[in-house]
Amino acid sequence: MSSRPQLAVANWKLNGDNALVETMLSALKQIDVGNAEVVVCPSFAYLALMGQQQKGFTLGGQNVSAHRKGAYTGEVSAQMLKDCGAQYVILGHSERRSIFAETDALIAEKFNVVVEQGLKPILCVGETERQRNDNQTEAVISAQILAIVETVGIKAFENAVVAYEPVWAIGTGKTATAQMAQDVHQFIRKLLSVYDETIAQAMPILYGGSVNAGNSVQLFAQKDIDGGLVGGASLKPEEFTAICQSFTGNA
Ligand code: PGA
């Protein structure tokens, strides 16, 4: 059985309202997830409100500014996320990379400000369908991870989480099979172990991409899958709580 932390992370994206905040707060108060940690990443607008009522979950941001402070209208700093009670920050989500043109260099800058504040980065990586069909999966994942490691240094990964999210599986209902996901997770751990074996073995690696209550048990049971980053299903309190309860221990 793995001694790594197990996490179920809700990524609400640009969804949710006061009503969802209320229902989710009361649903999460009541569930028993054993040693697993539940992390909710709402829009910035609901962070402070949820931060004041954290019971049964911890809080994360979906994004952060690469700047620390100053004249950057519309930005939210790592320190502000921390002030609101966040402990995690999602970085490099494929939607940020593709829609908002975030580069590895920018993601590395954000990684640094997050770690500097004592927050935990959740670094997302993943290949497109075309890249998978062209047998480029490992090359793509490796380039995305190494661009960050080479810039911030492996020590900055001490409290980090990596989320493997194949782009073709995000919001599509097409999930990687448990074996496909396990293979990539194992590859990521091996890649990082070249830099630091202890950090690589201790680091949670989450799977994301159409995780739901019907596939989470099988996915989370894989040796190198330490939980999930959940989008659509995290907006349904009953389904999300079922996902949070699907850790069986990585036997
Ligand atoms: P999905 O999104 O669960 O809706 O596929 C996952 C994510 O983008 O983090």
Side-chain angles (χ1 to χ4, degrees), residues 6-17 20 24 27-28 36-44 46-47 57-64 81 86-102 107 110-111 114 120-129 131-132 137 140-141 144-145 148 160-178 180-181 184-185 188 204-220 222 225-247:
Q6 294 179 309
L7 292 138
V9 183
N11 175 12
W12 285 8
K13 309 189 181 185
L14 188 56
N15 298 298
D17 51 17
L20 181 65
M24 198 59 86
L28 294 178
E37 184 176 358
V38 178
V39 182
V40 181
C41 304
S43 135
F44 289 148
Y46 302 106
L47 267 178
F57 71 98
T58 46
L59 205 57
Q62 295 176 17
N63 182 26
V64 69
L81 292 180
Q87 294 182 32
Y88 290 87
V89 186
I90 298 173
L91 294 178
H93 191 279
S94 71
E95 287 149 18
R96 304 272 348 147
R97 293 178 191 261
S98 66
I99 306 170
F100 300 98
E102 289 201 7
I107 296 163
K110 293 183 174 193
F111 199 106
V114 164
K120 300 173 187 173
I122 301 174
L123 174 66
C124 303
V125 296
E127 81 287 2
T128 62
E129 187 153 39
Q131 289 164 334
R132 174 162 284 265
T137 301
V140 169
I141 306 285
Q144 286 174 336
I145 293 184
I148 309 301
V161 175
V162 167
Y164 167 55
E165 297 206 303
V167 177
W168 49 269
I170 297 177
T172 58
K174 286 193 215 170
T175 326
T177 63
M180 273 159 89
V184 177
H185 283 228
I188 293 172
I205 305 179
L206 312 182
Y207 169 78
S210 298
V211 173
N212 59 45
N215 58 31
S216 52
V217 171
Q218 211 198 351
L219 283 163
F220 298 176
Q222 303 304 308
I225 301 184
D226 306 303
L229 179 51
V230 189
S234 76
L235 299 168
K236 303 173 195 152
E238 266 183 34
E239 177 151 23
F240 183 60
T241 51
I243 293 169
C244 294
Q245 291 171 302
S246 41
F247 290 98

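Note that ligands are numbered from 1 as they come in the structure, with each ligand's atoms numbered from 1 the same way.
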Do Gln62 and Tyr88 have side-chain N/O donor and acceptor atoms under 3.5 Å apart?
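Checked: Gln62/Tyr88 side chains show no N/O donor-acceptor pair below 3.5 Å.
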Under 3.5 Å, is there a donor-acceptor pair between the His93 and Glu165 side chains?
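On atom types as modelled, these side chains qualify, holding a pair under 3.5 Å.
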Counting each atom of ligand 1 from 1 as listed, which ones have a heavy atom of [X] under 4.0 Å away?
| X | result |
| --- | --- |
| Gly232 | 1 (P), 3 (O), 4 (O) |
| Lys13 | 2 (O), 7 (C), 8 (O) |
| His93 | 7 (C), 8 (O), 9 (O) |
| Ala169 | 5 (O) |
| Gly171 | 1 (P), 4 (O), 5 (O) |
| Gly209 | 5 (O) |

Decide whether an N or O pair under 3.5 Å exists between [X] and ligand 1.
| X | value |
| --- | --- |
| Gly231 | yes |
| Ile170 | no |
| Glu95 | no |
| Gly208 | no |

Distance from [X] atom [atom1] to [Y] atom [atom2], nearest 0.5 Å?
| X | Y | atom1 | atom2 | answer |
| --- | --- | --- | --- | --- |
| Phe220 | Gln6 | CZ | CD | 9.0 Å |
| Thr172 | Glu129 | OG1 | CD | 8.0 Å |
| Ile170 | Asn11 | CD1 | CG | 9.0 Å |
| Trp168 | Thr175 | CH2 | OG1 | 8.0 Å |

Can you find a heavy atom in the side chain of Glu127 that is under 4.5 Å from one in the side chain of Gln144?
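When only atoms from C-beta onward are counted, Gln144 and Glu127 do not touch, as no gap falls below 4.5 Å.
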Worked check of side-chain contact (heavy atoms from CB on, under 4.5 Å) between Ile188 and Tyr164:
CA-CA 9 Å; Ile188 293 172; Tyr164 167 55; 4.1 Å; yes
Please list the nearest protein heavy atom to atom 7 (C) of ligand 1 with its residue and the distance rounded to 0.1 Å.
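Ranking protein heavy atoms by distance from atom 7 (C) of ligand 1, first comes Glu165 OE2, 3.1 Å.
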